4 protein chains.
Amino acid sequence: MARPRSEDKREAILNAAIEVLAELGERAPTSKIAKLAGVAEGTLFTYFSSKEELLNQLYLSLKAELRQVMMLHYPLTADLKAQMQHVWQAYVTWGINMPKKRKVMAQLSTSEQITAESKQIGMQSFCDMTNLLQEQTTLGLLRDYPPLFIGSMLGALADLTMGFMVQEPENADRYQESGFEAFWHAVSTPITS
Amino acid sequence: MARPRSEDKREAILNAAIEVLAELGERAPTSKIAKLAGVAEGTLFTYFSSKEELLNQLYLSLKAELRQVMMLHYPLTADLKAQMQHVWQAYVTWGINMPKKRKVMAQLSTSEQITAESKQIGMQSFCDMTNLLQEQTTLGLLRDYPPLFIGSMLGALADLTMGFMVQEPENADRYQESGFEAFWHAVSTPITS
Amino acid sequence: MARPRSEDKREAILNAAIEVLAELGERAPTSKIAKLAGVAEGTLFTYFSSKEELLNQLYLSLKAELRQVMMLHYPLTADLKAQMQHVWQAYVTWGINMPKKRKVMAQLSTSEQITAESKQIGMQSFCDMTNLLQEQTTLGLLRDYPPLFIGSMLGALADLTMGFMVQEPENADRYQESGFEAFWHAVSTPITS
Amino acid sequence: MARPRSEDKREAILNAAIEVLAELGERAPTSKIAKLAGVAEGTLFTYFSSKEELLNQLYLSLKAELRQVMMLHYPLTADLKAQMQHVWQAYVTWGINMPKKRKVMAQLSTSEQITAESKQIGMQSFCDMTNLLQEQTTLGLLRDYPPLFIGSMLGALADLTMGFMVQEPENADRYQESGFEAFWHAVSTPITS
DNA sequence: AATGAATGAGGCTTCATTCAT
DNA sequence: GATGAATGAAGCCTCATTCAT
């Protein structure tokens with residue numbers, strides 16, 4: 001199969017997949033995705049060799065987007081807490097504004113169709129941050145947990161927090177703050193608090 | 001009187017469903033489930049009117065089992081931290097020993113097929129604990145978060161912790177401890193720490 | 001299989017079959033019929049060896065009932081037209097008052113499941129009348145058509161008429177009269193009109 | 001451009017449906033129809049979205065064909081009786097030559113699967129003729145019956161007649177004539193006879 | 001490369017009938 | 001005899017993928 005010509009179409013398919021997956025879960029038919037993307041059913045398969053491939057690419061694309069969002073305007077010189085708050089804030093804002101993307105990312109994260117390799121790569125989204133942590137931990141600002149463990153906590157608690165924000169929009173701001181506060185106490189040493 | 005409907009068969013189907021769902025995800029065919037349960041395809045539908053019904057019943061049954069596990073030997077008179085540690089411990093032990101059940105419960109939790117009602121009921125598993133929290137919060141032992149928020153954090157962090165325990169069995173004990181420690185710092189007031 | 005004990009149950013099943021067939025057509029499941037009849041699914045098969053058997057028995061039973069209705073108060077000594085009008089009237093009255101029975105009879109009449117033998121027997125419902133015709137024809141009161149042909153016309157035109165009566169209840173009486181009038185002109189010799 | 005949808009295949013499926021329905025009634029499985037049509041099972045559903053849709057389309061197609069047959073060489077300038085005889089003749093000839101089509105049309109006419117809308121449309125097959133009747137009635141050539149009533153009688157009596165023709169092929173011609181004669185006397189005023 | 005008709009395996013579910021109780 | 005759970009063969013339909021155009 002030759003290199004597909006149009007990057008636009010690839011994007012269109014991925015975006016359509018988000019819509020349809022958000023609505024129908026993994027049972028989303030490729031035909032519906034193609035239709036929403038404005039391409040023929042067969043065309044989808046020139047851009048993605050199989051549905052599984054499409055799902056994996058989508059997963060990676062979402063992870064990459066999220067990573068990019070978190071790294072945008074990253075306060076490299078601020079203190080650790082500020083850095084983490086930036087990441088938290090970026091993730092939550094993205095997740096709240098793009099609920100379908102968040103939903104689909106969560107879906108795919110537990111899907112049988114996402115290969116171990118994809119999950120591996122996806123996890124590297126957090127690598128940069130993890131690297132920062134490595135240093136900070138040794139400085140005694142953070143509890144002595146593996147950086148990946150800390151990063152994952154941030155993800156898990158932020159996800160949870162977003163759920164509550166959506167459930168009770170009137171208290172969204174408080175959840176947003178409380179969530180980060182809880183996370184920070186979970187991972188920082190008492191001195192830093 | 002005709003043959004009575006057998007509770008054993010119902011259990012067999014639910015257990016078979018766990019196996020097959022753990023392996024294939026929601027795409028698990030009812031035929032495979034029936035076969036593994038040792039009943040005819042049609043029999044499955046005398047116990048569960050549809051696949052959706054089966055999944056919802058399974059979800060509720062898992063939630064109920066988990067709740068029971070957590071409530072077993074519950075240290076009603078111990079201090080709050082000990083109580084929470086009990087719940088944490090019970091959940092993690094169950095999850096580690098029954099990895100398929102844990103996997104399936106996670107899957108179903110994000111499934112489109114589980115009705116809002118089921119999720120509602122399932123959530124009440126944590127109600128008892130949540131009620132305890134209600135009191136404790138007012139005593140100033142816990143940060144001023146909604147009890148459900150705290151309960152959900154416990155669940156989320158325990159889940160996360162189990163993931164790491166499975167990933168690095170050699171450090172399982174440390175993760176188990178660190179996980180709870182992190183959770184406790186996340187939700188308790190400084191004084192209590 | 002021994003002779004079933006209760007004639008009541010047999011009747012109940014036949015009556016239930018009428019209800020369910022009227023609503024669902026031939027796809028009416030035996031289980032629904034049994035339920036409505038207030039007997040167990042299996043019991044149905046002690047009264048009728050198969051669904052096909054049930055349908056055939058029902059068909060015959062309806063034909064027999066219709067025949068009985070038509071023969072009730074039959075004006076043996078009246079003139080031919082009056083006799084026919086009696087039959088017409090009896091049929092139409094029955095059909096209008098028992099729309100489900102009429103519907104089911106029509107359904108079964110075109111069903112693949114009704115054996116040739118049943119149809120043969122069912123046709124004899126009209127035999128008595130047909131026999132009368134045999135004589136009358138030779139008297140020159142009726143056109144020289146086979147009696148069965150005449151009898152069938154009566155049935156067909158009465159059916160048609162009932163359809164219109166149901167469709168336009170406000171003109172029911174007129175259709176009823178016109179229908180018979182048309183039939184009578186169709187089969188009688190000019191002299192008799 | 002992809003392969004265009006083939007009118008031939010659509011026809012093949014409709015024709016196959018006639019064969020299988022004539023033999024098995026409405027229980028005719030779509031798989032048998034597809035096989036006989038020489039297409040894959042799934043293909044049937046690209047031409048007809050469901051079995052019900054197929055049956056309705058088939059019903060309409062048969063009605064349309066019948067209408068066309070009746071209107072071919074229609075003697076517009078002949079007298080009323082000749083016109084009706086033409087219609088009668090056309091219908092009976094078609095029905096005798098295409099017994100399966102006739103059988104299936106009769107089946108579908110009483111089927112639960114044919115929508116009211118389809119029946120509505122199908123009925124318009126007779127509209128042209130009915131319109132003619134409207135005028136003729138006012139001229140006193142026909143009895144004062146609603147045109148639709150008269151048209152339906154023609155259909156019913158012709159159907160009946162065909163049944164006898166098939167039953168007793170040796171008397172087919174006589175039935176054919178007698179049938180029309182009966183119909184004509186049923187609907188025309190004495191003067192015209 | 002793009003299209004969408006064609007394919008057919010496989011899924012969920014129904015249901016007539018059997019048979020253990 | 002009555003019951004209704006058990007059975008498994010079909011049935012309708014979906015859908016990932018292929019391929020003729």
Side-chain angles (χ1 to χ4, degrees), chain A residues 1-6 9 24 27-35 38-54, chain B residues 1-6 9-10 24 26-35 38-54, chain C residues 1-6 9 27-35 38-55, chain D residues 1-6 9-10 24 26-35 38-54:
Chain A
M1 178 187 25
R3 182 73 55 81
R5 195 170 283 163
S6 153
K9 268 179 194 159
L24 302 175
R27 303 168 38 163
T30 52
S31 59
K32 271 213 173 70
I33 296 172
K35 187 169 200 177
V39 301
E41 285 183 50
T43 302
L44 187 150
F45 289 91
T46 74
Y47 287 86
F48 305 94
S49 63
S50 70
K51 187 181 185 181
E52 192 182 341
E53 169 83 1
L54 166 60
Chain B
M1 198 88 61
R3 207 176 320 181
R5 214 178 276 189
S6 140
K9 246 164 219 166
R10 205 189 108 96
L24 301 175
E26 283 186 65
R27 304 171 37 166
T30 52
S31 60
K32 272 213 172 69
I33 296 173
K35 190 170 204 175
V39 301
E41 279 191 54
T43 301
L44 187 150
F45 291 93
T46 75
Y47 287 86
F48 305 95
S49 61
S50 68
K51 186 181 185 182
E52 190 181 343
E53 170 82 2
L54 167 60
Chain C
M1 178 186 23
R3 183 70 56 81
R5 195 171 282 162
S6 152
K9 269 180 193 157
R27 302 168 39 163
T30 52
S31 58
K32 271 212 173 73
I33 295 172
K35 187 170 202 177
V39 301
E41 285 184 50
T43 302
L44 186 150
F45 290 92
T46 74
Y47 288 86
F48 304 94
S49 62
S50 70
K51 186 180 186 182
E52 192 181 342
E53 169 82 2
L54 166 60
L55 295 181
Chain D
M1 199 86 62
R3 206 176 321 179
R5 212 177 279 189
S6 138
K9 248 166 215 163
R10 205 188 107 97
L24 302 174
E26 284 187 63
R27 304 170 38 166
T30 52
S31 58
K32 271 212 173 70
I33 295 173
K35 191 169 205 174
V39 301
E41 278 191 56
T43 300
L44 186 150
F45 292 93
T46 76
Y47 287 85
F48 305 95
S49 61
S50 68
K51 186 181 185 183
E52 190 181 343
E53 169 82 2
L54 166 60

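Worth saying up front: this structure is predicted, and the values here are computed from it rather than measured. Here is how names work: the chains are called A, B, and so on, in the same order as the sequence lines, proteins then strands, and each is numbered from 1.
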Trainee: Give me the atom names and distance for the closest heavy-atom approach of Leu44(A) to Thr30(A).
Mentor: CD1-O, 3.6 Å

Trainee: On the nucleotide dA2(F), are OP1 or OP2 found under 4.0 Å from the side-chain N or O atoms that Tyr47(C) carries?
Mentor: yes

Trainee: I want to check something: taking the side chain as every heavy atom from C-beta on, are Thr46(C) and Lys9(C) in contact at a cut-off of under 4.5 Å?
Mentor: no

Trainee: Round to the nearest Å and state the distance from Lys9(B) atom NZ to dA6(F) atom C1'.
Mentor: 7 Å

Trainee: Main chain of Ala28(A), side chain of Lys51(A): is a donor-acceptor contact present, judged purely on distance under 3.5 Å?
Mentor: yes

Trainee: Heavy-atom nearest nucleotide on DNA chain F for Thr43(C) versus Pro29(D): which residue maps closer to 5'?
Mentor: Thr43(C)

Trainee: Let me know the distance between CZ of Arg27(D) and P of dT14(E), rounded to the nearest Å.
Mentor: 17 Å

Trainee: Phe45(D) has an atom CZ; how far is it from atom C1' of dG4(E), in whole Å?
Mentor: 19 Å

Trainee: Just how far, in rounded Å, is C1' of dG4(F) from CD1 of Ile33(C)?
Mentor: 17 Å

Trainee: For a quick check of understanding: with a heavy-atom distance under 4.0 Å over all strands, which category does Ser50(C) fall into, base, sugar-phosphate or nothing?
Mentor: sugar-phosphate

Trainee: Taking donor-acceptor contacts at under 3.5 Å, does the side chain of Glu41(D) reach the base of dC13(F)?
Mentor: yes

Trainee: Measure CD/Glu52(A) against P/dA16(F) and give the value in whole Å, please.
Mentor: 13 Å

Trainee: Which residue, Ala40(B) or Gly42(C), contacts DNA chain F at a nucleotide closer to its 5' end, judged by nearest heavy atom?
Mentor: Gly42(C)

Trainee: Within this structure, what is the NZ-to-C1' distance between Lys51(D) and dA10(F), rounded to whole angstrom?
Mentor: 12 Å

Trainee: Could you state the NZ-P distance from Lys35(A) to dA5(E), rounded to the nearest angstrom?
Mentor: 11 Å

Trainee: Base, sugar-phosphate or nothing for Ala28(D)? Non-hydrogen atoms, less than 4.0 Å.
Mentor: sugar-phosphate

Trainee: Which pair of heavy atoms, one from Ala34(C) and one from Ala40(C), lies closest together, and at what distance?
Mentor: CB-O, 3.7 Å

Trainee: Given that Thr46(D) and Ser31(C) both sit by DNA chain E, which one's nearest nucleotide is further toward the 5' end?
Mentor: Thr46(D)

Trainee: Can you check the Leu44(B) CG to dT14(E) P distance for me, whole Å?
Mentor: 12 Å

Trainee: With a 3.5 Å limit on both atom pairs, tell me what dA1(E) is paired to, counting Watson-Crick and G-U wobble, or say none.
Mentor: none

Trainee: Just compare dT3(E), dA16(F), dT17(E) and give me whichever is closest to any side-chain atom of Thr30(A).
Mentor: dA16(F)

Trainee: Reckon Phe48(B) touches a base, only the sugar-phosphate, or nothing at all at heavy-atom distances under 4.0 Å?
Mentor: nothing

Trainee: May I ask you to decide if Ser6(D)'s main-chain N or O and Tyr47(D)'s side chain share a donor-acceptor pair within less than 3.5 Å?
Mentor: yes

Trainee: Taking pairing as Watson-Crick or G-U wobble with both contacts under 3.5 Å, can you name the mate of dA6(F), or confirm there isn't one?
Mentor: dT17(E)

